[in-house]
Enquirer: 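Dumping the structure here so I can ask a few things about it.
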2 protein chains.
Amino acid sequence: MQGSRETPSRSAVYPATDRTVPTRAAHKASYDKDVVHSILDEGYVCHLGFVRDGAPVVLPTLYTRVGDRLYVHGSTGSRPLRMAGKADPGLAVCLTVTHVDGLVLARSAFHHSINYRSVVVHGTAHDVTDPDEKRLALDALVDQVVPGRSRDSRPANAKEFAATAVLRLGLDEVSAKLRTGGVGDEPEDLALPHWAGVVPLRKGYEPPVADPDLAPGTALPGYLAAL
Amino acid sequence: MQGSRETPSRSAVYPATDRTVPTRAAHKASYDKDVVHSILDEGYVCHLGFVRDGAPVVLPTLYTRVGDRLYVHGSTGSRPLRMAGKADPGLAVCLTVTHVDGLVLARSAFHHSINYRSVVVHGTAHDVTDPDEKRLALDALVDQVVPGRSRDSRPANAKEFAATAVLRLGLDEVSAKLRTGGVGDEPEDLALPHWAGVVPLRKGYEPPVADPDLAPGTALPGYLAAL
């Protein structure tokens, strides 16, 4: 495990900044790299925020993590990718990943909540111009959704490669926020006749549905059967 | 169904604006109110974007729809709610809701995709100061997560009511974006030996886990058994 001079924790931490310290519920925040990475690695859809003409824009998009870098991609014609490509020194973004784990139903309406794990990344996104880094990011984007899939698909040809833009975002100003556990009702509400508890979300995938034009003899690969 | 002078469609549509017409994949966009409402009504967690000190911020939060209005809530101490309360004439926001329906695994890396349905709302959020509207919004926020739940919980008392801020966002500048269906590979790739198809996401909830301090004789309510 990585060490840190500042903290005795078993893993390194991201520095807390004015933007990553919440104004409330600070006990739910975490800057632990292992916690942040595990939340990011469990997902593949993020919500990417940027500012256009002074107003916020939030779009869902795929992402991947490679070490201390995140990558998102899209058509070279899409707005954030064009903006980041043109912008110097890059495009200010906020990239957020959220997993909803369960519904917390308290006896009081006020203490209703959601069990969740989220990561918020603040930073500047840069257009990836190095072809090797771009190719690595494109493979990682496919593997983030289904590990092992990039090796079992046709890589982008020159035209597809040129039509795709990739943005890099460093994991520098990052925090996680987590709510776990049960109901947090007030002691005086415990005797109320309302059902209280947690409804966990069901996770996972239904059985894969093969394309009708599958080449004859193409079996379901192991990495999909294991999903 | 609602009518519209401008369009012959069976339901009303939101007007397309510069912000809601995508620069690409315009065929995936929808301005149909029924489509937008059904996507919003299926969820309860949104990603709310706003601008702070010139930089974007994207936070996950609960939302509800009441007619042509969305509501979000939070502590009166949280940043966006404080900013909207102070700001005049309100806080510019972008509120995005995304459902991921399946993984689309093409033979080519380039045509990998996600089946999804998303709604993006641009507008100005206003602090709800009318107590009746606020109370209605708080009930709706609970019922958005579990329909029928607000009637089976203790309503907010005066202190809790005062500690909660509610923001209103009109559904005026809104669009949906959808990707459904199967794999979109190039004809020349169909004979490749890679498995291709769609992996649908499993939806729903695990059995509810009751709070250990449940009042004796409190049965699981029907609206939870039906989830």
Side-chain angles (χ1 to χ4, degrees), chain A residues 23-24 45 47 49-51 55-58 60 75 77-79 92-94 96 98 100 103 107-110 112 118 138 142 145-146 150 152-156 160 182-183 189-202 204-206 208-211 213-215 218 220-221 227, chain B residues 23-24 45 47 49-51 55-58 60 75 77-79 92-94 96 98 100 103 107-110 112 118 138 142 145-146 150 152-156 160 182-183 189-202 204-206 208-211 213-215 218 220-221 227:
Chain A
T23 46
R24 55 180 287 278
V45 172
H47 282 79
F50 56 100
V51 179
V57 180
V58 178
S75 158
S78 75
R79 275 202 189 104
V93 297
C94 180
T96 300
T98 305
V100 180
L103 316 180
R107 295 156 184 87
S108 58
F110 184 76
H112 275 65
S118 66
L138 290 175
V142 169
V145 181
V146 179
S150 71
D152 189 20
S153 56
R154 174 179 68 68
E160 294 167 344
V183 168
D189 286 335
L190 292 183
L192 289 175
H194 307 302
W195 189 92
V198 174
V199 185
L201 260 77
R202 193 183 300 167
Y205 297 96
E206 301 288 348
V209 179
D211 184 65
D213 296 322
L214 217 56
T218 305
L220 188 72
L227 263 188
Chain B
T23 47
R24 54 179 288 279
V45 172
H47 282 80
F50 57 100
V51 180
V57 180
V58 178
S75 159
S78 76
R79 274 201 189 104
V93 298
C94 180
T96 300
T98 305
V100 180
L103 316 179
R107 295 154 184 88
S108 58
F110 184 77
H112 275 66
S118 66
L138 290 175
V142 169
V145 181
V146 179
S150 71
D152 189 20
S153 55
R154 174 179 68 69
E160 293 166 344
V183 169
D189 286 336
L190 293 182
L192 289 176
H194 307 303
W195 189 92
V198 174
V199 186
L201 260 78
R202 193 183 301 167
Y205 297 96
E206 302 288 346
V209 180
D211 183 64
D213 297 322
L214 217 57
T218 306
L220 188 71
L227 264 189

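Model, not experiment: these values are computed from the prediction. Letters A, B, ... are given to chains in the order of the sequence lines, protein chains preceding strands, and every chain is numbered from 1.
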Enquirer: Does any backbone or side-chain atom of A:His47 lie under 4.5 Å from a heavy atom of chain B? Answer side chain, backbone, both or neither.
Expert: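 Contact with chain B involves both backbone and side-chain atoms of A:His47.
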
Enquirer: Could you look at A:Pro193 and say if it's the side chain, the backbone, both or neither that has a heavy atom under 4.5 Å from chain B?
Expert: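 Just the backbone, heavy atoms under 4.5 Å.
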
Enquirer: Quick check on the interface: out of B:Leu190, B:Leu220, B:Asp152, who has the most heavy-atom pairs with chain A under 4.5 Å?
Expert: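 Highest number of heavy-atom pairs under 4.5 Å: B:Asp152.
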
Enquirer: Examine whether an atom of B:Val45 lies under 4.5 Å from a heavy atom of chain A, and if so say whether it belongs to the side chain, the backbone or both; otherwise answer neither.
Expert: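 Just the side chain, heavy atoms under 4.5 Å.
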
Enquirer: With chain B, which of A:Val183, A:Asp213, A:Val198 has the greatest number of heavy-atom pairs at distances under 4.5 Å?
Expert: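 Top count of heavy-atom pairs under 4.5 Å with chain B: A:Val198.
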
Enquirer: Pick from A:Ala55, A:Gly182, A:Ser75, A:Ala92: which one has the most heavy-atom pairs with chain B under 4.5 Å?
Expert: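 Of the candidates given, the most pairs with chain B belong to A:Ser75.
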
Enquirer: Do A:Thr96 side-chain atoms and B:Val58 backbone N/O form a donor-acceptor pair below 3.5 Å?
Expert: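 Checking the backbone N and O of B:Val58 against the side chain of A:Thr96, a donor-acceptor pair under 3.5 Å is found.
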
Enquirer: Supply the atom-to-atom distance A:Leu214 CG to B:Arg107 CZ, rounded to the nearest 0.5 angstrom.
Expert: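 One finds 6.0 Å between CG of A:Leu214 and CZ of B:Arg107.
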
Enquirer: Side chain, backbone, both or neither: which part of A:Leu201 has an atom under 4.5 Å from a heavy atom of chain B?
Expert: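 Looking at A:Leu201, backbone and side chain both touch chain B.
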
Enquirer: With rounding to the nearest 0.5 angstrom, report the OG1 to CH2 distance, A:Thr218 to B:Trp195.
Expert: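 If we round to the nearest 0.5 Å, A:Thr218:OG1 and B:Trp195:CH2 are 10.5 Å apart.
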
Enquirer: Using a cut-off of under 4.5 Å on heavy-atom pairs, state which of A:Ala191, A:Ser153, A:Gly197 scores highest against chain B.
Expert: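 Result: the option with the highest number of such pairs is A:Ser153.
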
Enquirer: B:Ser150 versus chain A, heavy atoms under 4.5 Å apart: side chain, backbone, both or neither?
Expert: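 Interface part for B:Ser150: neither.
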
Enquirer: Heavy-atom pairs under 4.5 Å with chain A are the metric here; pick the option from B:Gly204, B:Ala215, B:Pro155 that has the most.
Expert: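 Result: the option with the highest number of such pairs is B:Gly204.
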
Enquirer: Would you mind checking which part of A:Asp189 comes under 4.5 Å of any heavy atom in chain B, side chain (CB onward), backbone (N, CA, C, O), both or neither?
Expert: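 The answer is the side chain of A:Asp189.
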
Enquirer: Using every non-hydrogen atom in the two residues, find where B:Tyr205 and A:Arg202 come nearest and quote the distance to one decimal.
Expert: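 Closest approach of B:Tyr205 to A:Arg202, heavy atoms only: O-NH2, 3.2 Å.
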
Enquirer: Does any backbone or side-chain atom of A:Val209 lie under 4.5 Å from a heavy atom of chain B? Answer side chain, backbone, both or neither.
Expert: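 Contact with chain B: backbone and side chain both.
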
Enquirer: What part of A:Leu138 lies closer than 4.5 angstrom to a heavy atom of chain B: side chain, backbone, both or neither?
Expert: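 Neither; nothing under 4.5 Å.
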
